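What follows is a single structure, written as structure tokens, with notes after it.
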Number of protein chains: 2
Amino acid sequence: MTQEQYSKYSFLLDRTARKVKQYAQQQFKSGDFDVTVDQWLVLKNLSENEVLSQTELANLVFKDHPTLTRIIDLLCKKGYVERMPHPQDRRSFQLHLTESGVSKVSSLRPEILHIREKAWENLSPHDFDEFKRILDTIYQNLNGESLDQ
Amino acid sequence: MTQEQYSKYSFLLDRTARKVKQYAQQQFKSGDFDVTVDQWLVLKNLSENEVLSQTELANLVFKDHPTLTRIIDLLCKKGYVERMPHPQDRRSFQLHLTESGVSKVSSLRPEILHIREKAWENLSPHDFDEFKRILDTIYQNLNGESLDQ
DNA sequence: TTTATATATTTGTCACACTAACTATTGGTA
DNA sequence: TACCAATAGTTAGTGTGACAAATATATAAA
């Protein structure tokens, strides 16, 4: 990449990511989902893993630890998640969904899939592969040390 | 898009956009640039347009008005930007770079181009076209009313 | 055992995004 | 003229993101 024009990828990327989050958040709100987009991501990952520590969960969702602490705080207040003490390690928590959290996830999952489809109109499965390849390449280019995933 | 897997585009997009911003911000910091990534975007657009109102600038950088108000506040504090009263419309400001702002932009521009190159390693000009096409399609799919740009 | 180091999580600070509500001003219209 | 809707910008509240520093606990080394 030598031409100045290519540096616009960062602007396009940021603009589109914000639009995707904004659109989803509006739909979440008009549907009274009672969670934000980021809170949903955390709930979804908890629903797909029986028990997780905050560190494990942070690595799954690619958020840093302070951010995750605060999201978990909110989800606990809303009654969807519980922090249980780790039996061997008193520094750590085991996170799991409450009953209310489980039913929240199962009721929201199809609606959110539907919301997510909107962005992909006029695009093909092949586009998705290209999109994923390019995004992953960018991510790895900038991901100095930890080659996770 | 019917398969559930495709809904991961939102996760990939968000993750990569955050990584791109984080990487740039780290480089900005280690180079003592004295501005954030978003402040740079605003400075750059001001340098490419003689005079802008806040509303015009907000449309250029795709940020909302409260966000732009605060970024301008910070850039004024740092002495890079000035708000001048609009001669005809007392509700509005005319924004322009100070001398300090002009020299800041010209000194940072080449360094930032260099930083931006890193993400595009292993990718081709054709990849850029595809990337841009897909991001723009997503953006337009979600951009209900205002078909700006 | 004591010390040193590493790990898990929290707290504090600053910046940004979005919403809603608010002030001031403008321009059109009854 | 008086009213009213639209526009420019600000302020406040909540959530998120990055980073640094602090706390508590665990583990390894001396």
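Please read all numbers here as calculations on a predicted model, not as lab measurements. All heavy atoms count here, side chains included; hydrogens, waters and symmetry mates do not. In the text below, chain A, chain B and the rest are named by the order of the sequence lines, each starting its count at 1.
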Looking for any heavy atom pair under 4.0 Å, which part of the strands does [X] touch: base, sugar-phosphate only, or nothing?
X       : answer
B/Asp38 : sugar-phosphate
A/Gln94 : nothing
A/Arg70 : base
A/Gln39 : sugar-phosphate
B/Gln88 : sugar-phosphate
B/Ile71 : sugar-phosphate

Nearest to the [X] side chain among [options], which nucleotide is it?
X       : options                : result
B/Lys63 : C/dA24, C/dC16, D/dA18 : C/dC16
A/Thr67 : D/dA18, D/dG9, C/dA17  : D/dA18
A/Arg18 : D/dA24, C/dT25, C/dC18 : C/dC18
B/Pro66 : D/dG15, C/dG12, C/dA20 : C/dA20
B/Thr55 : D/dA26, D/dT16, D/dG9  : D/dG9
B/Asp89 : D/dT11, C/dT26, C/dC16 : C/dT26

Practice problem: Give a yes/no on whether any side-chain N or O of A/Gln54 is located under 4.0 angstrom from OP1 or OP2 of C/dT7. | Solution: no
Using only side-chain N and O atoms of A/Lys29, determine if any of them is under 4.0 Å from OP1 or OP2 of C/dA20.
yes
Give the rounded distance in Å between these two atoms: [atom1] of [X] and [atom2] of [N].
X       : N      : atom1 : atom2 : result
A/Asp14 : D/dG17 : CG    : C1'   : 12 Å
A/Asn59 : C/dT7  : CG    : P     : 12 Å
B/Ile72 : C/dC16 : CD1   : C1'   : 14 Å

*Quick one: does B/Arg90 reach the base of C/dT25 with a side-chain donor-acceptor pair under 3.5 Å?*
no
Requested in this report: Report yes if a donor N or O on one partner sits less than 3.5 Å from an acceptor N or O on the other, where the partners are the side chain of A/Arg91 and the base of C/dT7; otherwise report no.
Outcome: yes
### Message
Check the orientation of A/Phe62 and A/Tyr139. Use parallel for under 30°, tilted for 30 to 60°, and perpendicular for over 60°.
### Response
perpendicular
Result for 5'-nearest mapping on DNA chain C, choosing between A/Thr69 and A/Gln26, is A/Thr69
Tightest non-hydrogen contact, residues A/Ile115 and A/Phe33, listed as CD1-CE2, 3.9 Å
**Asked** Is it the case that more than 12 heavy atoms not belonging to B/Glu48 sit under 6.0 Å from its CD atom?
**Response** yes
Ranking A/Thr36 and B/Gln22 by the position along DNA chain D of their nearest nucleotide, the one closer to 5' is A/Thr36
The answer to which of B/Ser53 and A/Leu74 contacts DNA chain D further toward the 5' end, by nearest nucleotide, is B/Ser53
Could you go through the side chain to side chain contact (heavy atoms under 4.5 Å, CB included) check for B/Ile72 and B/Lys77 one step at a time? CA-CA 8 Å; B/Ile72 297 294; B/Lys77 263 186 209 162; over 6 Å; no
Taking the six-membered ring for Trp, are the ring centroids of A/Trp40 and A/Tyr80 within less than 6.0 Å of each other?
no
Rounding to 0.5 Å, atoms CZ (A/Arg18) and CD (A/Gln25) come to a distance of 15.0 Å
